[in-house]
Chemist: 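First the structure, which I've put down as C-alpha coordinates, then a few questions once you've had a look.
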Amino acid sequence: MDLITSSSFFGVAISLSAYMVGLFMQKKFKKGIFNPLLISIILVIGALAVTGIEYESYNISAKYLSYLLTPTTICLAIPLYRRLELLKKNLWAILGGIASGVVTSMGSVFLLSLCFGLDRQMYVTLLPKSITTAIGMGISEELGGIVTITVAVIILTGVLGNIIAQAVLKLAGVTDPVAKGIAIGTASHAIGTSRAMEMGETEGAMSSLSIAVAGMITVLAASLFAGLM
(Lines give C-alpha, C1' and ligand atoms only; values in the text may rest on other atoms or scores of the structure.)
Protein backbone atom coordinates (compact mmCIF):
# COMPACT_ATOMS: atom_id res chain seq x y z
CA MET A 1 0.00 0.00 0.00
CA ASP A 2 2.86 2.39 0.78
CA LEU A 3 4.28 1.71 -2.66
CA ILE A 4 0.95 2.70 -4.24
CA THR A 5 0.45 5.85 -2.20
CA SER A 6 4.00 6.98 -2.85
CA SER A 7 3.29 7.03 -6.59
CA SER A 8 2.89 10.51 -8.06
CA PHE A 9 -0.16 9.53 -10.09
CA PHE A 10 -2.08 6.95 -8.08
CA GLY A 11 -4.73 9.59 -7.27
CA VAL A 12 -5.12 10.37 -10.96
CA ALA A 13 -5.46 6.66 -11.75
CA ILE A 14 -8.16 6.17 -9.10
CA SER A 15 -10.07 9.25 -10.25
CA LEU A 16 -9.97 8.40 -13.96
CA SER A 17 -10.88 4.75 -13.34
CA ALA A 18 -13.87 5.78 -11.22
CA TYR A 19 -14.99 8.25 -13.89
CA MET A 20 -14.75 5.60 -16.61
CA VAL A 21 -17.00 3.37 -14.52
CA GLY A 22 -19.41 6.29 -14.23
CA LEU A 23 -19.43 6.78 -18.01
CA PHE A 24 -20.09 3.08 -18.54
CA MET A 25 -23.02 3.13 -16.12
CA GLN A 26 -24.48 6.23 -17.73
CA LYS A 27 -24.34 4.69 -21.21
CA LYS A 28 -25.75 1.39 -19.97
CA PHE A 29 -28.66 2.67 -17.88
CA LYS A 30 -29.26 6.03 -19.65
CA LYS A 31 -30.59 7.64 -16.47
CA GLY A 32 -29.72 11.10 -15.17
CA ILE A 33 -28.99 9.75 -11.69
CA PHE A 34 -26.04 7.82 -13.12
CA ASN A 35 -24.03 10.99 -13.60
CA PRO A 36 -20.35 10.07 -14.22
CA LEU A 37 -19.06 12.71 -11.81
CA LEU A 38 -21.46 11.65 -9.06
CA ILE A 39 -20.58 7.99 -9.56
CA SER A 40 -16.84 8.73 -9.55
CA ILE A 41 -17.13 10.75 -6.32
CA ILE A 42 -18.91 7.87 -4.60
CA LEU A 43 -16.41 5.31 -5.89
CA VAL A 44 -13.36 7.36 -4.89
CA ILE A 45 -14.75 7.92 -1.39
CA GLY A 46 -15.49 4.19 -1.12
CA ALA A 47 -12.02 3.24 -2.34
CA LEU A 48 -10.31 5.53 0.17
CA ALA A 49 -12.51 4.26 3.00
CA VAL A 50 -11.91 0.60 2.19
CA THR A 51 -8.16 0.89 1.65
CA GLY A 52 -7.60 3.30 4.53
CA ILE A 53 -5.70 5.72 2.32
CA GLU A 54 -5.62 9.21 3.81
CA TYR A 55 -7.33 11.93 1.80
CA GLU A 56 -4.20 14.09 1.99
CA SER A 57 -2.18 11.34 0.29
CA TYR A 58 -4.80 10.93 -2.41
CA ASN A 59 -5.11 14.69 -2.97
CA ILE A 60 -1.37 15.18 -3.42
CA SER A 61 -1.30 12.80 -6.37
CA ALA A 62 -4.72 13.76 -7.77
CA LYS A 63 -4.11 17.52 -7.81
CA TYR A 64 -2.77 17.33 -11.36
CA LEU A 65 -6.33 16.87 -12.59
CA SER A 66 -7.29 20.25 -11.15
CA TYR A 67 -4.79 21.90 -13.47
CA LEU A 68 -7.11 21.00 -16.34
CA LEU A 69 -10.03 22.93 -14.84
CA THR A 70 -9.04 26.35 -16.20
CA PRO A 71 -8.29 25.32 -19.82
CA THR A 72 -11.45 23.19 -19.86
CA THR A 73 -13.54 26.17 -18.78
CA ILE A 74 -11.89 28.35 -21.42
CA CYS A 75 -12.74 25.79 -24.11
CA LEU A 76 -16.42 26.38 -23.35
CA ALA A 77 -16.02 29.67 -25.27
CA ILE A 78 -15.90 27.77 -28.59
CA PRO A 79 -19.66 27.07 -28.89
CA LEU A 80 -20.31 30.64 -27.74
CA TYR A 81 -18.19 32.00 -30.59
CA ARG A 82 -20.25 29.94 -33.03
CA ARG A 83 -23.42 31.61 -31.72
CA LEU A 84 -22.01 35.13 -31.49
CA GLU A 85 -24.71 36.69 -33.69
CA LEU A 86 -27.42 35.17 -31.51
CA LEU A 87 -25.71 36.65 -28.46
CA LYS A 88 -25.60 40.13 -30.01
CA LYS A 89 -29.25 39.90 -30.98
CA ASN A 90 -30.42 39.01 -27.47
CA LEU A 91 -27.67 40.68 -25.42
CA TRP A 92 -29.72 42.62 -22.87
CA ALA A 93 -32.26 39.87 -22.35
CA ILE A 94 -29.44 37.37 -21.79
CA LEU A 95 -27.58 39.63 -19.33
CA GLY A 96 -30.83 40.35 -17.49
CA GLY A 97 -31.61 36.66 -17.22
CA ILE A 98 -28.17 35.81 -15.86
CA ALA A 99 -28.26 38.69 -13.35
CA SER A 100 -31.69 37.66 -12.07
CA GLY A 101 -30.45 34.09 -11.71
CA VAL A 102 -27.44 35.17 -9.65
CA VAL A 103 -29.56 37.37 -7.37
CA THR A 104 -32.08 34.56 -6.93
CA SER A 105 -29.33 32.09 -6.06
CA MET A 106 -27.70 34.28 -3.43
CA GLY A 107 -31.05 35.50 -2.15
CA SER A 108 -32.23 31.95 -1.59
CA VAL A 109 -29.02 31.18 0.34
CA PHE A 110 -29.67 34.21 2.54
CA LEU A 111 -33.29 33.26 3.27
CA LEU A 112 -32.49 29.61 3.95
CA SER A 113 -29.60 30.61 6.22
CA LEU A 114 -32.04 32.69 8.25
CA CYS A 115 -34.58 29.85 8.35
CA PHE A 116 -32.03 27.28 9.53
CA GLY A 117 -30.14 29.62 11.84
CA LEU A 118 -26.77 29.36 10.09
CA ASP A 119 -23.96 31.59 11.29
CA ARG A 120 -22.21 34.10 9.05
CA GLN A 121 -19.27 31.83 8.26
CA MET A 122 -21.50 29.07 6.93
CA TYR A 123 -23.66 31.63 5.12
CA VAL A 124 -20.74 33.07 3.13
CA THR A 125 -19.47 29.54 2.53
CA LEU A 126 -22.69 28.74 0.66
CA LEU A 127 -23.06 32.06 -1.20
CA PRO A 128 -20.97 31.09 -4.28
CA LYS A 129 -22.65 27.68 -4.70
CA SER A 130 -23.77 28.26 -8.29
CA ILE A 131 -20.55 29.51 -9.90
CA THR A 132 -17.50 27.70 -11.18
CA THR A 133 -15.12 26.29 -8.58
CA ALA A 134 -12.13 28.50 -9.45
CA ILE A 135 -14.10 31.69 -8.74
CA GLY A 136 -16.17 30.28 -5.90
CA MET A 137 -13.10 29.26 -3.89
CA GLY A 138 -11.69 32.78 -4.10
CA ILE A 139 -14.96 34.38 -3.00
CA SER A 140 -15.37 31.98 -0.09
CA GLU A 141 -11.82 32.57 1.13
CA GLU A 142 -12.12 36.34 0.78
CA LEU A 143 -15.36 36.46 2.78
CA GLY A 144 -14.08 34.15 5.52
CA GLY A 145 -15.94 31.01 4.51
CA ILE A 146 -14.84 27.38 4.67
CA VAL A 147 -13.32 26.76 1.24
CA THR A 148 -13.47 22.95 1.34
CA ILE A 149 -17.20 23.03 2.06
CA THR A 150 -17.68 25.61 -0.68
CA VAL A 151 -16.03 23.27 -3.19
CA ALA A 152 -18.23 20.37 -2.08
CA VAL A 153 -21.39 22.49 -2.35
CA ILE A 154 -20.43 23.80 -5.80
CA ILE A 155 -19.86 20.26 -7.07
CA LEU A 156 -23.14 19.06 -5.52
CA THR A 157 -25.01 21.97 -7.09
CA GLY A 158 -23.53 21.21 -10.50
CA VAL A 159 -24.24 17.49 -10.33
CA LEU A 160 -27.81 18.11 -9.17
CA GLY A 161 -28.32 20.60 -11.99
CA ASN A 162 -26.90 18.14 -14.49
CA ILE A 163 -29.31 15.45 -13.30
CA ILE A 164 -32.57 17.41 -13.00
CA ALA A 165 -32.10 20.29 -15.49
CA GLN A 166 -34.21 18.82 -18.29
CA ALA A 167 -37.00 17.75 -15.95
CA VAL A 168 -37.17 21.15 -14.26
CA LEU A 169 -37.18 23.03 -17.58
CA LYS A 170 -39.94 20.79 -18.90
CA LEU A 171 -41.97 21.26 -15.71
CA ALA A 172 -41.54 25.04 -15.95
CA GLY A 173 -42.53 25.05 -19.61
CA VAL A 174 -39.23 26.54 -20.81
CA THR A 175 -38.76 25.65 -24.48
CA ASP A 176 -36.52 28.40 -25.90
CA PRO A 177 -32.93 27.14 -26.39
CA VAL A 178 -31.40 30.44 -25.25
CA ALA A 179 -33.46 30.48 -22.05
CA LYS A 180 -32.59 26.85 -21.35
CA GLY A 181 -28.86 27.52 -21.67
CA ILE A 182 -28.96 30.62 -19.49
CA ALA A 183 -30.93 28.83 -16.76
CA ILE A 184 -28.62 25.82 -16.67
CA GLY A 185 -25.34 27.74 -16.83
CA THR A 186 -26.36 30.30 -14.22
CA ALA A 187 -27.67 27.71 -11.78
CA SER A 188 -25.18 24.87 -12.18
CA HIS A 189 -22.00 26.22 -13.85
CA ALA A 190 -19.70 23.92 -15.89
CA ILE A 191 -21.12 20.59 -14.73
CA GLY A 192 -24.60 21.67 -15.73
CA THR A 193 -23.23 23.07 -18.98
CA SER A 194 -22.15 19.60 -20.03
CA ARG A 195 -25.86 18.67 -19.94
CA ALA A 196 -26.77 21.83 -21.87
CA MET A 197 -24.31 20.85 -24.61
CA GLU A 198 -26.02 17.50 -24.92
CA MET A 199 -29.32 19.33 -25.43
CA GLY A 200 -28.01 21.44 -28.31
CA GLU A 201 -25.28 23.80 -29.49
CA THR A 202 -27.31 26.93 -28.71
CA GLU A 203 -28.06 25.70 -25.19
CA GLY A 204 -24.39 24.89 -24.69
CA ALA A 205 -23.23 28.27 -25.98
CA MET A 206 -25.59 30.25 -23.76
CA SER A 207 -24.74 28.09 -20.78
CA SER A 208 -21.02 28.69 -21.38
CA LEU A 209 -21.61 32.43 -21.47
CA SER A 210 -23.62 32.23 -18.26
CA ILE A 211 -20.71 30.64 -16.39
CA ALA A 212 -18.43 33.61 -17.04
CA VAL A 213 -21.01 36.37 -16.61
CA ALA A 214 -22.56 34.79 -13.50
CA GLY A 215 -19.09 34.49 -12.00
CA MET A 216 -18.34 38.17 -12.54
CA ILE A 217 -21.71 39.32 -11.20
CA THR A 218 -21.30 37.07 -8.15
CA VAL A 219 -17.87 38.56 -7.44
CA LEU A 220 -19.43 42.04 -7.43
CA ALA A 221 -22.58 41.11 -5.51
CA ALA A 222 -21.13 38.68 -2.95
CA SER A 223 -19.80 41.43 -0.70
CA LEU A 224 -23.20 43.12 -0.67
CA PHE A 225 -25.00 39.90 0.25
CA ALA A 226 -22.33 39.01 2.81
CA GLY A 227 -23.06 42.30 4.56
CA LEU A 228 -26.68 41.25 5.13
CA MET A 229 -25.61 38.90 7.93
Side-chain angles (χ1 to χ4, degrees), residues 32-33 35-42 44-45 65-66 69-70 72-73 76 95-169 171-172 174 179-197 206-229:
I33 191 63
N35 179 273
L37 183 58
L38 177 61
I39 297 298
S40 62
I41 290 173
I42 294 173
V44 169
I45 291 174
L65 288 174
S66 64
L69 181 62
T70 300
T72 300
T73 303
L76 294 175
L95 293 179
I98 297 172
S100 63
V102 171
V103 171
T104 300
S105 173
M106 292 193 289
S108 65
V109 171
F110 173 68
L111 293 176
L112 289 172
S113 295
L114 291 179
C115 291
F116 289 97
L118 301 182
D119 60 21
R120 185 183 185 280
Q121 184 182 39
M122 188 56 65
Y123 165 60
V124 297
T125 296
L126 300 176
L127 266 183
K129 67 177 179 62
S130 292
I131 60 175
T132 187
T133 307
I135 302 176
M137 291 173 63
I139 292 176
S140 179
E141 184 176 11
E142 181 69 24
L143 296 177
I146 306 171
V147 177
T148 52
I149 295 180
T150 298
V151 172
V153 171
I154 288 174
I155 293 174
L156 181 60
T157 300
V159 171
L160 186 61
N162 186 291
I163 293 173
I164 69 173
Q166 286 184 293
V168 171
L169 291 172
L171 183 64
V174 179
K180 287 181 179 180
I182 292 172
I184 295 173
T186 303
S188 50
H189 51 85
I191 302 176
T193 297
S194 64
R195 174 64 68 185
M197 288 183 169
M206 294 302 106
S207 188
S208 301
L209 171 67
S210 299
I211 296 173
V213 177
M216 290 186 289
I217 295 176
T218 301
V219 169
L220 296 175
S223 297
L224 297 176
F225 273 88
L228 297 177
M229 183 177 289

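Given the structure is predicted, the values throughout are model-derived calculations rather than measurements.
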Chemist: Could you pull out every donor-acceptor pair under 3.5 Å between side chains of residues 135-143 and any protein atom, sequence neighbours left out?
Modeler:
unit_1 : atom_1 : unit_2 : atom_2 : d
Ser140 : OG     : Thr150 : OG1    : 2.7

Chemist: Locate the shortest heavy-atom distance separating Ser108 from Lys129; write the atom from each residue and the value.
Modeler: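 Taking every non-hydrogen atom into account, OG-CE, 4.4 Å.
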Chemist: Might you point out which heavy atoms bring Met106 and Ala221 nearest each other, and give the distance in Å?
Modeler: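 Closest approach of Met106 to Ala221: CE-CB, 3.3 Å.
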Chemist: Would you call Leu118 and Leu126 a side-chain contact if the rule is heavy atoms closer than 4.5 Å?
Modeler: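 Leu118 reaches Leu126 side chain to side chain.
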Chemist: Is there any side-chain hydrogen bond (donor to acceptor under 3.5 Å, both in side chains) pair reaching into residues 209-229, and which pairs are they, with sequence neighbours excluded?
Modeler: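 Not a single pair qualifies under side-chain hydrogen bond (donor to acceptor under 3.5 Å, both in side chains).
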Chemist: Applying salt bridge (charged side-chain N to carboxylate O under 4.0 Å, His left out) as the test, list every pair that has at least one member in residues 206-215; sequence neighbours left out.
Modeler: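 Applying salt bridge (charged side-chain N to carboxylate O under 4.0 Å, His left out) to every pair that reaches into residues 206-215, excluding sequence neighbours, yields nothing.
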Chemist: Can you name the closest pair of heavy atoms from Phe225 and Tyr123 and give their distance?
Modeler: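 So the two residues come closest at O-OH, 2.7 Å.
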Chemist: Give, for atom CD1 of Ile45 and atom OG of Ser40, the distance between the pair rounded to the nearest 0.5 Å.
Modeler: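 Separation between the atoms: 9.5 Å.
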Chemist: For the atom pair CD1 (Ile217) and CD1 (Ile131), what is the distance rounded to the nearest 0.5 Å?
Modeler: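 Going from CD1 on Ile217 over to CD1 on Ile131, the span is 11.0 Å.
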Chemist: Would you give me the side-chain donor-acceptor pairs under 3.5 Å for residues 154-164, sequence neighbours excluded?
Modeler:
unit_1 : atom_1 : unit_2 : atom_2 : d
Thr157 : OG1    : Val153 : O      : 2.8
Asn162 : OD1    : Asn35  : ND2    : 2.9
Asn162 : OD1    : Arg195 : NH2    : 3.3
Asn162 : ND2    : Ile191 : O      : 2.9
Asn162 : ND2    : Ser194 : OG     : 2.9

Chemist: Got a sec, which residues hit side-chain contact (heavy atoms from CB on, under 4.5 Å) with Ile146, two or more places apart in sequence or on another chain?
Modeler: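 Ile146 satisfies side-chain contact (heavy atoms from CB on, under 4.5 Å) with Gln121, Met122, Thr125, Thr148, Ile149 once adjacent residues are dropped.
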Chemist: Check side-chain contact (heavy atoms from CB on, under 4.5 Å) between Val174 and all other residues, then give those that pass, not counting sequence neighbours.
Modeler: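 Per chain and number, Val174 pairs via side-chain contact (heavy atoms from CB on, under 4.5 Å) with Leu169, Ala172, Ala179, Lys180.
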Chemist: Mark yes or no for whether Thr186, through its side chain, and Ala183, through its backbone, hold a donor-acceptor pair below 3.5 Å.
Modeler: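 Not a single qualifying donor-acceptor pair exists.
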Chemist: Any donor-acceptor pair under 3.5 Å linking the side chain of Ser105 with the backbone of Gly101?
Modeler: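 A pair under 3.5 Å: no.
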Chemist: If you measure from OG on Ser113 to CG on Leu127, what distance do you get to the nearest 0.5 Å?
Modeler: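 It is 7.0 Å, given to the nearest 0.5 Å.
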Chemist: Can you list the residues that meet the side-chain contact (heavy atoms from CB on, under 4.5 Å) rule with Leu114, with sequence neighbours excluded?
Modeler: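 Partners of Leu114 under the side-chain contact (heavy atoms from CB on, under 4.5 Å) test: Phe110, Met229.
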Chemist: Search all heavy atoms of Ser208 against all heavy atoms of Met197 and return the closest pair with its distance.
Modeler: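 The pair with the smallest heavy-atom distance is OG-CE, 3.7 Å.
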Chemist: State which residues pass side chain to side chain donor-acceptor pair (under 3.5 Å) with Ser207; sequence neighbours excluded, sorted by chain then number.
Modeler: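 Counting only residues at least two positions away or on another chain, Ser207 forms a side chain to side chain donor-acceptor pair (under 3.5 Å) with Thr193.
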